[in-house]
Enquirer: 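Got a structure for you, written out below as structure tokens; questions coming shortly.
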Amino acid sequence: LRKIPYFLQTFSISLIGRKNLYILTGNSRFRSMKKLYPFSRLIFGNSFDANNSLLNRKYGRLKRKIKKRYCLYIDSVVPLITGDEMLLKNKLNITKDKWYEQLNKFFKIIEDQLNLDIIIAGHPKTKGFNLQKYFNKRKIFYDQTESLVKFSEFIINRKSAAATSYGIIHKKPIIFI
């Protein structure tokens, strides 16, 4: 085996014993992936959010929770909890007090100018915190993001892939901050 060049060893192994499986989301890269990985199995799939949305639609799970017009802010765990940033050695440039002060000023402008409420979709990691004190007593909901997105006027988002996915699925304008 040592006398066989490395590229032939890996090619032979992939032909004989190793099965590679790739899940593609969208078919634009199917041909190029098939050329790159001719002995692999390619299957089509969706993201978690897309699958979740299809199931919610199929079973009629999306119900309107709030009667008034509202904008939805999808909360992030940072700066309230900074575990990932510390682990990755990313330095935060803002304190949680300063962040929420500025965020609430921004929300107040939107509420006054557009005559609608700001509703918060809380991050799951912040369930044990009293977020109402940080968001000036605005309503906070957990585990209802897609439903809240669907019935909102628009979304304010920081880093949430779910908010972006659900916003696109439900054709909502998204403001990234």
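The chain is numbered in sequence order, starting from 1. Below, each value reflects all heavy atoms present in this structure, side chains not excepted, and no hydrogens, waters or symmetry copies.
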Enquirer: I'd like a table of donor-acceptor pairs (distance under 3.5 Å, sequence neighbours excluded) in which one partner is a side-chain atom from residues 108-115, with atom names and distances.
Expert:
{"from": "Lys108", "atom 1": "NZ", "to": "Asp112", "atom 2": "OD1", "distance (Å)": "3.1"}
{"from": "Lys108", "atom 1": "NZ", "to": "Asp112", "atom 2": "OD2", "distance (Å)": "3.4"}
{"from": "Glu111", "atom 1": "OE1", "to": "Arg138", "atom 2": "NH2", "distance (Å)": "3.0"}
{"from": "Glu111", "atom 1": "OE2", "to": "Ile118", "atom 2": "N", "distance (Å)": "3.2"}
{"from": "Glu111", "atom 1": "OE2", "to": "Arg138", "atom 2": "NE", "distance (Å)": "3.0"}

Enquirer: I need the Asn157 CG to Ser76 OG distance, nearest 0.5 Å.
Expert: 9.0 Å
Enquirer: Could you give the distance from CD1 (Ile140) to NE2 (His123), rounded to the nearest 0.5 Å?
Expert: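 So the CD1 of Ile140 and the NE2 of His123 are separated by 14.0 Å.
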Enquirer: Applying salt bridge (Lys or Arg N to Asp or Glu O under 4.0 Å), name anything that partners Arg69, two or more places apart in sequence or on another chain.
Expert: Glu153
Enquirer: List for me each residue that meets side-chain contact (heavy atoms from CB on, under 4.5 Å) alongside Lys137, sequence neighbours excluded, and say none if there are none.
Expert: none
Enquirer: Under the salt bridge (Lys or Arg N to Asp or Glu O under 4.0 Å) test, which residues partner Lys105, sequence neighbours left out?
Expert: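 Salt bridge (Lys or Arg N to Asp or Glu O under 4.0 Å) check on Lys105 returns Glu101.
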Enquirer: Rounded to the nearest 0.5 Å, what separation is found between the CZ atom of Arg64 and the OG atom of Ser147?
Expert: 9.0 Å
Enquirer: If you draw a 6.0 Å radius around NZ in Lys98, do more than 12 non-hydrogen atoms from other residues or ligands fall strictly inside?
Expert: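 It does not: Lys98 NZ has 12 such atoms or fewer within range.
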Enquirer: Could you give all pairs that pass the side chain to side chain donor-acceptor pair (under 3.5 Å) test and reach residues 168-177, with sequence neighbours left out?
Expert: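 Residue pairs passing side chain to side chain donor-acceptor pair (under 3.5 Å), neighbours aside: Glu146-His170.
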Enquirer: With Arg158, which residues qualify under side-chain hydrogen bond (donor to acceptor under 3.5 Å, both in side chains), at least two apart?
Expert: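 Once residues adjacent in sequence are excluded, Arg158 has no partner under the side-chain hydrogen bond (donor to acceptor under 3.5 Å, both in side chains) criterion.
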Enquirer: Tell me who clusters with Ile66, hydrophobic residues only, linked when side chains sit under 4.5 Å apart either directly or through other members.
Expert: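 Tyr70, Leu72, Ile74, Ile119, Phe141, Leu148, Val149, Phe151, Ile155, Tyr166, Ile169, Ile174, Phe176, listed by chain and number.
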Enquirer: Do the side chains of Phe106 and Ile120 join up, straight or via other hydrophobic residues, at under 4.5 Å, putting them in one cluster?
Expert: yes
Enquirer: Sequence neighbours left out, what passes side-chain hydrogen bond (donor to acceptor under 3.5 Å, both in side chains) with Lys68? Give chain and number order.
Expert: Asp117
Enquirer: Applying side-chain hydrogen bond (donor to acceptor under 3.5 Å, both in side chains), can you list everything that pairs with Lys127, at least two apart in sequence or on another chain?
Expert: Asp143
Enquirer: Output all residues satisfying side-chain contact (heavy atoms from CB on, under 4.5 Å) with Lys96, sequence neighbours left out; order by chain, then residue number.
Expert: Pro79, Leu80, Tyr100, Tyr134
Enquirer: Please tell me if the side chains of Ile156 and Phe107 come closer than 4.5 Å, counting only heavy atoms from C-beta onward.
Expert: yes
Enquirer: Are Leu62 and Tyr142 grouped together when hydrophobic residues (ILVMFWY) are joined by side-chain heavy atoms under 4.5 angstrom apart?
Expert: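 Unlinked, Leu62 and Tyr142 end up in two clusters.
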Enquirer: Can a side-chain donor-acceptor contact be found between Thr126 and Asp75 if the only test is distance below 3.5 angstrom?
Expert: no
Enquirer: Check side-chain hydrogen bond (donor to acceptor under 3.5 Å, both in side chains) between Ser152 and all other residues, then give those that pass, not counting sequence neighbours.
Expert: none
Enquirer: Would you give the length of the straight line joining atom NZ of Lys139 to atom NZ of Lys65, rounded to the nearest 0.5 angstrom?
Expert: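 The NZ atom of Lys139 sits 13.0 Å away from the NZ atom of Lys65.
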